[in-house]
Amino acid sequence: MLETSARLLRLLSLLQTPRDWTGTELAERLEVSARTIRNDVERLRALGYPVNATRGSVGGYRLGAGADLPPLLLDDEEAVAVAIGLRTAAGGTIAGVEETSLRALAKLEQVLPSRLRRRVNALQAYTVPVPRDEPGPRVTAETLTVLTACCRDREVLRFGYRTHDGSETVRKVEPYRLVNWGRRWYLVAWDLDRGDWRTFRVDRLTPRVPTGPRFTARELPEDVTDRVRRGVSSAAWRYRADVTVHASAEEVTARINPAVGTVEAVDANTCVLHTGADSIETMAVHLGLLNAPFHVTEPPQLVDYLRELADRYRDATRI
């Protein structure tokens, strides 16, 4: 039989799993009586852990949310996963969390057993991140918090929005979902002024508080990821192009990243790639990686750049 302190830690570990435990199940796991389980639950509550209990045949115990954050009990793999996540967050796309992540990581590493600290430190020492080829857009944790709260509480949101040409507009929407796509965050919402679904880049918006009244939820017209994917290859980009590719739609779809664009079949051997990018150079790279003949007529900047690339590659192979 475990000593009281060790038994409490084991009980706490069981209660942190996302399920309800009956007193009988816990007693069998810890090889004690149901009365001992009841006493141990009271001890955990006295230490600040909010252990909820429900009665009845389907009742049981579960660790709930309290007013204060009690100490967390992590197993070895969970502790390593949290440490890795904190290191990643320190250099991610959410502005303002770097210092907080490093503070939390320092506290975690201070109490990690030496065997786990070695694993975490080895990961840091022998992993070399590749610098991004261009700085990604960043959003603040505060902005994400406001947006997700409005989605959860179904509150109308007003925000300033910066368009591609730098002009500012004020939008009023019913927010539904946030989508994290690569280095960008997108808000899928019903635009009240335009009476239609819209996708907004979060790094271009500034929430205005207080938020508006509650709204009755609408049924989403489609999978939000599919909607954002189409938005990424169209209105979200500075440059857009419809490219005729002499290959089947299945072949082209398999060759591109979903964020590059969407593919529309014309016939068995031809399709149209609806694509876009923040720069003409990036779009040209995507087209070159298709490994299939293609034809493009606009935008004129893309046509001119492809001709320039063709001359450059031809000169590079002359003897």
Side-chain angles (χ1 to χ4, degrees), residues 18 65 69 81-82 84-101 104 132 134-164 166 168-238 240 257-262 274-278:
L69 179 66
V82 170
I84 294 172
L86 289 171
R87 287 198 186 280
T88 303
T93 60
I94 304 177
V97 301
E98 300 93 336
E99 182 181 350
T100 306
S101 300
R132 294 189 176 98
E134 59 181 74
R138 310 190 75 198
V139 300
T140 66
E142 181 181 3
T143 296
L144 294 179
T145 300
V146 170
L147 297 184
T148 52
C150 287
C151 292
R152 178 198 62 203
D153 300 334
R154 296 178 181 174
E155 292 181 343
V156 172
L157 175 69
R158 293 176 66 248
F159 55 83
Y161 195 67
R162 188 180 71 258
T163 59
H164 291 297
E168 295 280 348
T169 61
V170 176
R171 312 298 280 267
K172 186 178 180 181
V173 304
E174 296 174 354
Y176 282 83
R177 295 289 188 276
L178 273 178
V179 178
N180 179 215
W181 194 295
R183 289 174 289 176
R184 290 185 173 88
W185 291 82
Y186 298 91
L187 173 68
V188 177
W190 175 266
D191 193 312
L192 291 169
D193 294 326
R194 291 156 179 78
D196 197 5
W197 293 96
R198 290 290 190 270
T199 300
F200 302 95
R201 284 229 333 227
V202 176
D203 59 291
R204 291 178 176 167
L205 65 82
T206 304
R208 299 193 175 187
V209 293
T211 55
R214 292 179 180 269
F215 60 86
T216 301
R218 305 171 190 267
E219 183 177 352
L220 287 165
E222 59 191 321
D223 180 83
V224 293
T225 302
D226 289 339
R227 181 171 189 83
V228 170
R229 174 165 43 194
R230 283 202 305 277
V232 164
S233 62
S234 56
W237 297 115
R238 182 180 178 186
R240 298 171 55 190
N257 183 298
V260 169
T262 57
H274 305 285
T275 187
D278 280 342

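Residues take their numbers from the sequence shown, with the count starting at 1.
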Run the side-chain contact (heavy atoms from CB on, under 4.5 Å) check on Thr206 and Phe159 step by step: do they pass? CA-CA 5 Å; Thr206 304; Phe159 55 83; 5.7 Å; no
For [X] and [Y], indicate whether the former's side chain and the latter's backbone hold a donor-acceptor pair under 3.5 Å.
X: Thr143; Y: Val139; result: no
X: Asp153; Y: Glu155; result: no
X: Tyr176; Y: Arg154; result: no

Criterion salt bridge (Lys or Arg N to Asp or Glu O under 4.0 Å) against Glu174, the qualifying member of Arg194, Arg158, Arg198, Arg218: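 Running salt bridge (Lys or Arg N to Asp or Glu O under 4.0 Å) over Arg194, Arg158, Arg198, Arg218 with Glu174 returns exactly one hit, Arg218.
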Show the nearest heavy-atom pair for residues Leu205 and Leu187, with the distance to one decimal.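 Distance-wise, the nearest heavy atoms are CD2-CD2, 4.3 Å.
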Specify the closest pair of heavy atoms between Pro175 and Cys150, including all atoms of both residues, with the distance to one decimal.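 Of all heavy-atom pairs spanning Pro175 and Cys150, the closest is CG-CB, 3.6 Å.
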Go through the steps for Arg171 and Asp191 under the test salt bridge (Lys or Arg N to Asp or Glu O under 4.0 Å), then give the verdict. CA-CA 7 Å; Arg171 312 298 280 267; Asp191 193 312; 3.1 Å; yes
Between Tyr186 and Phe200, does a ring pair (Phe, Tyr, Trp, His ring centres under 6.0 Å) hold up when you go through it step by step? CA-CA 5 Å; Tyr186 298 91; Phe200 302 95; over 10 Å; no
If you define the side chain from C-beta out and look only at heavy atoms, does anything of [X] sit under 4.5 Å from [Y]?
X: Leu144; Y: Trp185; value: yes
X: Trp197; Y: Leu220; value: yes
X: Val156; Y: Val173; value: no

